[in-house]
Asks: 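Following this message is one structure expressed as structure tokens.
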Amino acid sequence: MAPELILGLAILIIGAVAAAFPRPKTYLSRIISLEIPGWGLLLVMLAYDETLALLTFIAVTAISTFVMVRVVERREAP
Amino acid sequence: MIEFLQVVLAAIALLGAVATAVSRDPFDKLIALGVMIGGIMPFIVDRGYLDVAVAVALLAPITTIFVLALAWRRDEHGA
């Protein structure tokens, strides 16, 4: 088994647990915790040599984080 | 890659992930996330995907800046 696959699966599990049960139960900490499984999934894709999937995934993750930050900002505004 | 280096980088990435999950302050979380990304980047370069490494190097800090703005605004309001 490739070391990238093992490391990616470990980070994916840690991140999934962290996003499911964030330490301070706020939107912000959940967004930051959601970044961890994204990187784990990137490592798993790396182990299977999928370049196009990797590039698309990185771009979409950045855009979706931007959109989520905007939504939370609007909701938190008084 | 050299096996020793592989083990050290995997340990850095895992420690960063656990620290991101455990720490309570949003700024601590973002710094630990940076440590995790620093551990993962050499694995991407090692497979020879320099285009992916360039995309990650450009987009990861931008994402951090977006979240940092939100964390800073929340800290300013004292929440």
Side-chain angles (χ1 to χ4, degrees), chain A residues 2-8 10-24 26-40 42-43 45-47 49-73 76-78, chain B residues 1 3 5-7 9-34 36-37 39-41 43-71 73-75 77 79:
Chain A
E4 285 96 352
L5 185 64
I6 301 167
L7 181 64
I11 290 180
L12 193 61
I13 291 168
I14 293 172
V17 172
F21 308 104
R23 277 271 278 177
T26 56
Y27 298 122
L28 181 60
S29 70
R30 221 182 267 264
I31 287 177
I32 297 173
S33 299
L34 198 61
E35 300 247 320
I36 314 174
W39 286 93
L42 188 139
L43 276 172
M45 283 181 185
L46 192 72
D49 290 314
E50 302 284 357
T51 317
L52 193 61
L54 270 170
L55 283 172
T56 314
F57 180 70
I58 295 161
V60 171
T61 306
I63 296 169
S64 69
T65 306
F66 176 62
V67 171
M68 275 191 284
V69 165
R70 283 281 164 207
V71 170
V72 170
E73 233 171 24
E76 293 283 312
Chain B
M1 211 196 296
E3 270 142 39
L5 215 62
Q6 226 162 34
V7 170
L9 290 170
I12 290 173
L14 279 176
L15 273 177
V18 171
T20 310
V22 166
S23 54
R24 298 194 69 93
D25 192 44
F27 296 104
D28 289 352
K29 269 180 185 290
L30 284 172
I31 292 167
L33 199 70
M36 191 193 74
I37 293 171
I40 289 175
M41 274 296 274
F43 283 100
I44 301 171
V45 177
D46 179 54
R47 296 289 282 222
Y49 291 124
L50 290 185
D51 47 353
V52 178
V54 168
V56 167
L58 287 174
L59 284 174
I62 293 174
T63 314
T64 308
I65 287 170
F66 287 146
V67 181
L68 198 59
L70 185 58
R73 197 159 303 169
R74 178 174 294 220
D75 201 45
H77 286 306

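Being a predicted model, the structure only gives us computed values, none of them experimental. Proteins get letters first, then strands, A, B, ... in listed order; numbering begins at 1 in each.
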Asks: Is a donor on one side and an acceptor on the other found under 3.5 Å between the side chain of A:R23 and the backbone of B:R24?
Replies: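 Side chain of A:R23 to backbone of B:R24: no pair is present.
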Asks: A:P24 versus chain B, heavy atoms under 4.5 Å apart: side chain, backbone, both or neither?
Replies: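 A:P24 touches chain B through backbone and side-chain heavy atoms alike.
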Asks: Using non-hydrogen atoms only, which part of B:Y49 is less than 4.5 Å away from chain A: side chain, backbone, both, or neither?
Replies: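 B:Y49 touches chain A through side-chain heavy atoms alone.
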Asks: What residue in B:L9, B:I37, B:V7, B:L30 has the most heavy-atom pairs under 4.5 Å with chain A?
Replies: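 Counting heavy-atom pairs under 4.5 Å, the top option is B:I37.
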Asks: Out of B:T64, B:L59, B:D46, return the one with the most heavy atom pairs under 4.5 angstrom to chain A.
Replies: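 Looking at each of B:T64, B:L59, B:D46 in turn, B:L59 comes out on top.
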Asks: Would you compute the distance between atom CZ of A:R70 and atom CZ of B:F66 and round it to the nearest 0.5 angstrom?
Replies: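 Answer for the CZ-CZ pair, A:R70 versus B:F66, is 7.5 Å.
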Asks: Return the option, out of B:V18, B:L58, B:D51, with the maximum number of heavy-atom pairs under 4.5 Å with chain A.
Replies: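 That would be B:D51.
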Asks: Less than 4.5 Å to any heavy atom of chain B: does that hold for the side chain of A:L46, its backbone, both, or neither?
Replies: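 Both backbone and side chain of A:L46 come within 4.5 Å of chain B.
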Asks: After noting the C-alpha distance and the side-chain angles of A:V69 and A:Y27, does the key distance pass the side-chain contact (heavy atoms from CB on, under 4.5 Å) rule?
Replies: CA-CA 9 Å; A:V69 165; A:Y27 298 122; over 6 Å; no
Asks: Just so I understand: if I count every heavy-atom pair under 4.5 Å between each of A:I11, A:L43, A:I63, A:L28 and chain B, which residue has the most?
Replies: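 Most pairs with chain B among the choices: A:L28.
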Asks: Is chain A contacted by the side chain of B:I44, its backbone, both, or neither, given a heavy-atom distance below 4.5 Å?
Replies: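 The answer is both parts of B:I44.
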Asks: Of all of B:T20, B:L14, B:I40, which one pairs up most often with chain A through heavy atoms under 4.5 Å apart?
Replies: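 Option with the greatest count: B:I40.
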Asks: Which distance, rounded to the nearest 0.5 Å, do you find between the CG of B:L5 and the CZ of B:F43?
Replies: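 Those atoms lie 8.5 Å apart.
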Asks: After noting the C-alpha distance and the side-chain angles of B:I12 and B:M36, does the key distance pass the side-chain contact (heavy atoms from CB on, under 4.5 Å) rule?
Replies: CA-CA 7 Å; B:I12 290 173; B:M36 191 193 74; over 6 Å; no
Asks: Quick one: what part of A:S29 sits under 4.5 Å from any heavy atom of chain B, side chain, backbone, both or neither?
Replies: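 Both backbone and side chain.
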Asks: Given that the side chain runs from C-beta out, which part of A:L42 has a heavy atom under 4.5 Å from chain B: side chain, backbone, both or neither?
Replies: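 Just its side chain gets close to chain B.
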Asks: CE/A:M45 to CG/A:L55 distance, rounded to the nearest 0.5 angstrom?
Replies: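 CG of A:L55 is found 10.5 Å from CE of A:M45.
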Asks: What I'd like to find out is whether the side chain of B:K29 reaches to under 4.5 Å of the side chain of A:S33, using heavy atoms alone.
Replies: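 Side chain of B:K29 against side chain of A:S33, heavy atoms only: contact under 4.5 Å found.
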Asks: Would you mind checking which part of B:R47 comes under 4.5 Å of any heavy atom in chain A, side chain (CB onward), backbone (N, CA, C, O), both or neither?
Replies: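 The side chain, not the backbone.
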Asks: Using atom types as modelled and distance alone, determine if a side-chain donor or acceptor of A:R30 lies under 3.5 Å from a backbone N or O of A:A19.
Replies: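 Checking the backbone N and O of A:A19 against the side chain of A:R30, a donor-acceptor pair under 3.5 Å is found.
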Asks: Determine yes or no for a side-chain-to-main-chain donor-acceptor pair under 3.5 angstrom, with A:T65 supplying the side chain and B:T63 the backbone.
Replies: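 Flag not set: sc A:T65 to bb B:T63 has no pair under 3.5 Å.
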Asks: Select one option (side chain, backbone, both, neither) describing which atoms of A:I32 are under 4.5 Å from chain B's heavy atoms.
Replies: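 For A:I32, heavy atoms of backbone and side chain both lie under 4.5 Å from chain B.
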Asks: If you count heavy-atom pairs under 4.5 Å with chain B, which of A:A18, A:G8, A:A47, A:G40 comes out on top?
Replies: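 Top count of heavy-atom pairs under 4.5 Å with chain B: A:A47.
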Asks: If you count heavy-atom pairs under 4.5 Å with chain B, which of A:T61, A:V72, A:L54, A:I36 comes out on top?
Replies: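 Option with the top pair count is A:I36.
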Asks: Please determine whether the number of non-hydrogen atoms from other residues, nucleotides or ligands lying under 6.0 Å from atom CZ of B:F27 exceeds 12.
Replies: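 Enclosed: over 12 neighbouring heavy atoms sit under 6.0 Å from CZ of B:F27.
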